[in-house]
Amino acid sequence: MKKLIQNIKMAGLMAMALIAWPTTITAQSAKYDAKTVNAVTERFVAYAKINSQGTDTSDMDAFPLNPGQREMARKVEADLQAILRGTSATVTRSESEYVYVKIPANAKGIPSVMFMAHLDVTPEAPGGNITPVVHRGYDGGDLHLPSGLVLSPTTPQGRHLAQCVGKTVITSDGSTVLGADDKTGCTVLVTLIERITRNRKMRHGDLYFVFSQNEDIGRAADRFEAKYVGGGSPDVVIDIDGDAPTHFSVANFTAVGRTYRFVGKEAHPGDAYARKYGDVLTAAAYFIGQIAPQKHPSASRGEQGYIHCYTMTPVVTTDGESSTEVRVRMRYFDKLEGDTLRTMLNDAEASVKTAYPNVRVEATPEVLQYENVAYSMPSSLTQLIVKSAKECSLTLKPRSERGGTTSAMMAAKGLRGGPCLYSGQQAEHSVYEWTCVEDMLQMTDVAEAIVRNIAREGGSFYIK
């Protein structure tokens with residue numbers, strides 16, 4: 001009776017999945033043989049076992065690299081060298097532990113493409129001894145992990161599990177992150193490279209692959225070297241680092257950071273007037289209070305921008321002066337809104353100078369952290385991705401992303417921006433993190449179809 005109930009339960013879950021996600025389930029169920037699934041499972045597990053967790057620092061000019069990040073770069077480099085041996089492709093691991101691949105064009109008049117993923121793992125969740133757990137033939141129920149954690153399809157972290165019945169699901173043991181962000185993207189790209197080089201009849205332009213470091217601390221573009229991708233920005237740039245099986249990003253926030261320092265003379269409050277006391281704490285609070293509540297992140301949704309004064313830090317008193325720093329992040333999709341937000345900050349600064357004349361305000365230049373990829377990506381790329389996904393029995397819809405990606409960080413450095421596609425990662429930046437092997441395989445199919453379709457369109461593919 002117990003087995004019968006389990007069978008009924010599985011059938012019901014599969015039926016719901018088929019109704020909600022018909023293209024995903026029917027395509028994946030029959031398409032991938034055990035040998036293919038096992039090969040990708042082994043590849044991902046080997047990557048996930050490496051603790052390539054990054055380290056964030058307050059110094060944005062620093063580029064910390066942990067031993068695990070170096071190990072991950074060496075592992076990917078070795079895998080690629082084995083795959084590409086005997087071909088004209090090149091593999092380069094830079095001093096900053098980025099891994100670059102170039103597969104030269106085998107036909108003329110085809111736009112170049114650069115795919116990206118990142119080798120590092122977030123420091124925002126427990127790392128350490130990462131132990132991947134493979135759940136083959138997932139039955140649709142709760143997954144009880146060795147740590148005691150339960151990953152359920154009825155929770156936000158596990159809601160996509162309903163579309164993974166009968167497939168291969170991989171989690172950690174529940175005590176650490178899995179590293180699916182972005183070891184899934186790395187797995188997809190290594191598998192794509194393997195496919196392309198094995199199929200010598202497949203036409204393509206120059207193909208570049210970049211496996212970057214420190215994406216999860218916002219510095220993936222900091223040590224990027226354009227000389228490994230033809231000396232400049234390729235015609236098409238695509239990031240494989242998304243968490244949405246049905247969508248891909250075609251726009252994102254422009255992200256700007258700025259620091260305001262409020263400096264004033266120390267004095268006893270009783271002598272404040274006579275000694276021109278510069279009350280930096282009150283002045284800093286006044287500055288923050290000048291920002292309209294309607295422009296706070298909690299009031300922002302969709303493509304609405306915001307100003308966020310997110311830290312206020314006292315600085316050690318020197319030479320009879322004290323200071324307080326306020327760090328500000330500004331986010332917007334539209335350039336005109338960005339100008340409006342800048343005006344608000346300038347007005348707030350001017351108000352402080354009027355209200356507290358004894359306080360000196362020092363504002364650092366803006367730091368562009370990531371740029372909206374919509375400003376520089378080919379406008380025809382969106383429909384080409386939709387078409388490529390449809391050929392793989394998958395419906396993908398474009399959307400705006402309230403965040404940033406590797407491509408957005410590259411765009412902030414003056415390079416071409418591009419969309420971010422699903423990599424297979426789920427519940428990222430948490431101990432619930434997981435992936436589905438068949439999802440990674442299907443996104444490899446989509447990436448391959450994109451390369452094929454760009455080759456078909458050739459010179460007619462519009463690049464602005």
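Residue numbers run from 1 in the order of the sequence given.
Below 30°, between 30° and 60°, or above 60°: for Tyr310 and His308 the angle between ring planes is between 30° and 60°, a tilted geometry.
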side-chain hydrogen bond (donor to acceptor under 3.5 Å, both in side chains) between Tyr47 and Asp79, intermediate numbers included: CA-CA 11 Å; Tyr47 295 161; Asp79 286 358; 2.8 Å; yes
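Not counting sequence neighbours, the partners of Asp243 by the salt bridge (Lys or Arg N to Asp or Glu O under 4.0 Å) test are Arg399. The side-chain hydrogen bond (donor to acceptor under 3.5 Å, both in side chains) search around Asp206 returns none, not counting sequence neighbours.
Contact annotation: the side chain of Gln69 approaches that of Asn214 to within less than 4.5 Å [non-hydrogen atoms, C-beta and beyond]. Looking only at side-chain heavy atoms (C-beta outward), Glu433 and Ile130 stay at 4.5 Å or farther from each other.
Of the possible donor and acceptor atoms, none in the side chain of Asp241 sits under 3.5 Å from a partner among the backbone N and O of Asp182. When atom types are taken as modelled, the side chain of Asp334 and the backbone of Glu337 share a donor-acceptor pair closer than 3.5 angstrom. Side chain of Asn66 to backbone of Gly68: no donor-acceptor contact under 3.5 angstrom is found. Proximity of a side-chain donor or acceptor of Arg159 to a complementary backbone N or O of Pro156 within less than 3.5 Å is detected. Not one N or O on the side chain of Gln425 forms a donor-acceptor pair closer than 3.5 Å with the backbone of Thr435. A donor-acceptor distance shorter than 3.5 angstrom exists from the side chain of Gln304 to the backbone of Arg301, with no hydrogens or angles considered. Using modelled atom types, one side-chain atom of Ser147 and one backbone atom of Asp173 make a donor-acceptor pair closer than 3.5 Å. For Asn38 (side chain) and Ala34 (main-chain N/O), a donor-acceptor pair under 3.5 Å exists by modelled atom type.
Stacking of Lys413 on the aromatic ring of Tyr370 is not recorded, the 6.0 Å distance cut-off and the 45° axial limit not both being met. No cation-pi contact links Arg219 to Phe63, judged by a cut-off of 6.0 Å to the six-membered ring centre and 45° from its axis.
Salt bridge absent: Arg416 and Asp235 never bring a charged side-chain N and a carboxylate O closer than 4.0 Å. Of the charged side-chain nitrogens involved, none lies within less than 4.0 Å of a carboxylate oxygen, so that Lys167 and Glu438 do not count as a salt-bridged pair. Remark: Glu448 engages Arg452 in a salt bridge, criterion side-chain N to carboxylate O under 4.0 Å. By the 4.0 Å N-to-carboxylate-O rule, Lys49 lies too far from Glu71 to be salt-bridged with it.
Within the structure, ring-ring contact (aromatic ring centres under 6.0 Å, His included) contacts touching residues 179-220 (residues at least two apart or in different chains) are Phe115-Phe209.
Screening Thr171, Ile170, Val133 for a side-chain contact (heavy atoms from CB on, under 4.5 Å) involving Trp434 leaves a single residue, Thr171.
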